[in-house]
Each structure stands twice: as structure tokens, then as C-alpha cells.
Amino acid sequence: MTYTCESNHLENYLELLPEVDYDHFSIKALAAELDRQSSNEMDYVKNAFEYVRDHISHSWDIQSSRITCKASDVLFFKEGICYAKSNLLCALLRSRGIPAGFCYQRLTLGDTPDTGHVIHALNAVYMRSIGKWIRLDARGNKSGVDAQFSLEEEKVAFPIREEYEELNYPIIYTKPHVKTINALLQHSDCTAMYLHGLPSSL
């Protein structure tokens, strides 16, 4: 699938945002640590992705009621749903001058279409070394979910099932979509939000 950038200017994918607060001391510290473990840009992107994927719990997987949103809070509490985790990964990438944006899918909430649809968030990152955007999904792996860092064949958490009216939205956004942020800000219980409060379309 071909993706379209919301902006033609890479600097717009480096912007400091309320949800992508990479000027926070904790984000800076983690970025510096990951940078020390990395030999180049590609290595850093992979390490940042795997950190968020593996060290930040998906709130639904641990059945937590806490809602996190901005990157520094996601890092502090070590948990969040995909909207929150994508904020953290974006912050870690932008903190090192690596352009990163937001992508979305419409998926079924459960395993069948009758469960309804929800919006799922992931990231896109511009790899200067190869001159192209790739998508990375730091949702967190579990049984049946195996997202990986890959430059060629995309390996996201949820391959689209068109027969279930699932879809990839083609835009790489510079900011988190307002519908996803509003979902996080307008609820106080993550379990209830996950079941009944997530947007079903953009």
C-alpha cells in the first residue's frame, strides 16, 4: 500500500507536541541510553521500537484501569494503549531528530465483525539511510500478535482483513488524531474506554 504524508516538510514530523513531550527529562534520559546502545540511526530506531513494544505494557493486556496519554506519563507508568504507546515511540524518535508520524487502522474490536470496529494507532518513521518511510507497531506482542522491525516486508501487529471491513488509513499524520486523544482525555477508566469509548472511524 502507498502512504501519503500529511505534510511534505520533514520538520513537521519533528515537532514538539503536548502528547509528544520529548523535552521531558525522562524522555531525554531514555533516548540517551538507547543512543549509547545504538551504532547508527537504523539501530536506534529498532532499539526505540523494541523498548516501547516490550517494556511498556498494553493496558488491555494487563487489565489496567489507568489511562495514560503524553509520552512522559506513558514512560513513567510503563503502560498505555496503542494511542499512548505511539506517542512515546514518536517522542523517542523525534528527540533524536528522526522524523516520525502517526498512522491508523480500522480493526474489529474482537475476532469477528459483529464486535464492531475501533481505530488502532501505530507509527511511521522516515529512515534517512534508505530514503523511505516504514511503519512500526509498538502495541506489544502476545499470542497471535508478532510485530517486528522490518525495512522490507511490513510486520505490524494486525494485518488487515478486508472481508471484515478492516482498513489501513493511507495518511502519515504529523500529530496524533484528535479523536484518539479525545478518547484518552474524556475517560477515567481504561477498561471501560477500551470496550465502549474508542473511535470506530477517523
Side-chain angles (χ1 to χ4, degrees), residues 1-8 12-13 15 17-20 49 52-53 56-61 63-71 73-74 79-91 93 99-126 133-142 144-147 154-202:
M1 180 172 178
T2 301
Y3 296 96
T4 303
C5 290
E6 182 183 25
S7 171
N8 292 322
N12 292 333
Y13 292 93
E15 190 177 355
L17 303 169
E19 305 86 6
V20 185
F49 160 69
V52 178
R53 184 193 65 187
I56 307 297
S57 298
H58 191 286
S59 303
W60 179 257
D61 293 350
Q63 289 295 286
S64 173
S65 61
R66 178 183 285 115
I67 295 175
T68 58
C69 180
K70 65 181 180 178
D73 285 345
V74 179
E79 66 175 272
I81 69 166
C82 59
Y83 305 162
K85 294 187 71 169
S86 65
N87 290 341
L88 176 55
L89 180 53
C90 186
L93 297 173
F102 298 87
C103 293
Y104 298 95
Q105 298 174 313
R106 185 178 72 170
L107 305 172
T108 58
L109 179 59
D111 293 328
T112 54
D114 60 287
T115 57
H117 290 90
V118 294
I119 295 301
H120 173 63
L122 56 160
N123 294 100
V125 53
Y126 184 73
W133 289 88
I134 64 169
R135 292 199 312 171
L136 297 173
D137 192 341
R139 179 235 178 264
N141 290 342
K142 60 178 184 176
V145 176
D146 185 28
E154 189 173 80
K155 298 180 179 179
V156 296
F158 303 108
I160 291 301
R161 301 171 296 181
E162 294 181 358
E163 66 273 21
Y164 287 178
E165 298 183 359
E166 297 179 341
L167 58 88
N168 282 309
Y169 288 94
I171 304 298
I172 302 173
Y173 293 93
T174 60
K175 301 177 181 180
H177 197 281
V178 63
K179 285 189 176 183
T180 65
I181 297 303
N182 284 345
L184 297 176
L185 298 180
Q186 293 173 1
H187 292 86
S188 58
D189 182 273
C190 188
T191 304
M193 175 189 68
Y194 200 81
L195 291 173
H196 308 293
L198 300 181
S200 59
S201 64
L202 294 186

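Scope of the values below: all heavy atoms of this structure, side chains included, with no hydrogens, waters or symmetry mates.
- Using modelled atom types, one side-chain atom of Glu6 and one backbone atom of Thr174 make a donor-acceptor pair closer than 3.5 Å.
- The NZ atom of Lys175 sits 12.0 Å away from atom SG of Cys90, with the distance rounded to the nearest 0.5 Å.
- The side-chain heavy atoms of Arg53 and Asn141, taken from C-beta on, include a pair separated by under 4.5 Å.
- Nearest heavy-atom pair, Ala157 versus Val145, reported as atom, atom and distance to 0.1 Å: CB-CG1, 3.5 Å.
- Gln105 pairs with exactly one of Leu167, Leu122, Val118 by the side chain to side chain contact (heavy atoms under 4.5 Å, CB included) rule, that one being Leu122.
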In sequence, state the C-alpha distance, the side-chain angles, and the governing distance for Arg139 and Asp61, and then conclude on salt bridge (charged side-chain N to carboxylate O under 4.0 Å, His left out). CA-CA 10 Å; Arg139 179 235 178 264; Asp61 293 350; 2.8 Å; yes
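- Screening Val74, Ile67, Leu198 for a side chain to side chain contact (heavy atoms under 4.5 Å, CB included) involving Ile81 leaves a single residue, Leu198.
- The two residues Ala124 and Ile172 have their closest heavy-atom pair at CB-CG2, 3.7 Å.
- Scanning for side-chain contact (heavy atoms from CB on, under 4.5 Å) contacts around His177 gives Tyr104, Tyr173, Lys179, Thr180, Leu202, with sequence neighbours left out.
- The number of heavy atoms from other shown groups lying within 6.0 Å of CG (Asp111) does not exceed 12.
- Within a 6.0 Å sphere centred on CD of Glu15, heavy atoms belonging to other residues, nucleotides or ligands number more than 12.
- Residues passing the side-chain contact (heavy atoms from CB on, under 4.5 Å) test with Ser188, sequence neighbours excluded: none.
- A donor-acceptor contact closer than 3.5 angstrom is absent between the side chains of Thr191 and Gln63.
- Side-chain contact check for Tyr13 versus Leu93: every heavy-atom pair is 4.5 Å or farther apart.
- A donor-acceptor pair is defined here as one N or O able to donate and one able to accept, closer than 3.5 Å; no such pair exists between the side chain of Ser59 and the backbone of Ser64.
- With hydrogens and angles ignored, the 3.5 Å screen pairs a side-chain donor or acceptor of Glu166 with a backbone N or O of Thr108.
- Considering only heavy atoms from C-beta on, Cys69 stays 4.5 Å or farther from Tyr83 through its side chain.
- Residue Leu195 holds its CG atom at 9.0 Å from CG of Asp189, rounded to the nearest 0.5 Å.
- In Asn8, the CG atom is not crowded: 12 or fewer heavy atoms of neighbouring residues, nucleotides or ligands sit closer than 6.0 Å.
- The shortest heavy-atom contact between Gly80 and Thr68 is CA-OG1, 3.3 Å.
- Between the CD atom in Glu79 and the CG atom in Asp73 there is a gap of 11.0 Å [rounded to 0.5 Å].
- For the atom pair CZ (Phe102) and CG (Asn123), the distance works out to 6.0 Å, reported to the nearest 0.5 Å.
- With contacts defined as side-chain heavy-atom distances shorter than 4.5 Å, the pair Arg106/Glu165 qualifies.
- The two residues Pro176 and Leu17 have their closest heavy-atom pair at CD-CD1, 3.9 Å.
- To the nearest 0.5 angstrom, Cys82 atom SG is 12.5 Å from Leu89 atom CG.
- By the neighbour-count criterion of 12 heavy atoms within 6.0 Å, atom CD of Glu163 is densely surrounded, having more than that number from other residues, nucleotides or ligands.
- Taken from OG in Ser86 to CG in Leu136, the straight-line distance is 11.5 Å, to the nearest 0.5 Å.
- Proximity of Met193 to Leu184: side-chain heavy atoms (C-beta onward) are separated by under 4.5 Å at one or more points.
- For His187 (side chain) and Tyr194 (main-chain N/O), no donor-acceptor pair under 3.5 Å exists by modelled atom type.
- Taking both residues in full, the closest heavy atoms of Gly197 and Ala183 are given as O-CB, 3.7 Å, listed atom of the first, atom of the second, then distance.
- Closest heavy-atom contact between Ala147 and Asp137: CB-O, 3.3 Å.
- By the 4.5 Å heavy-atom criterion applied to side chains, Tyr126 and Cys5 are not counted as neighbours.
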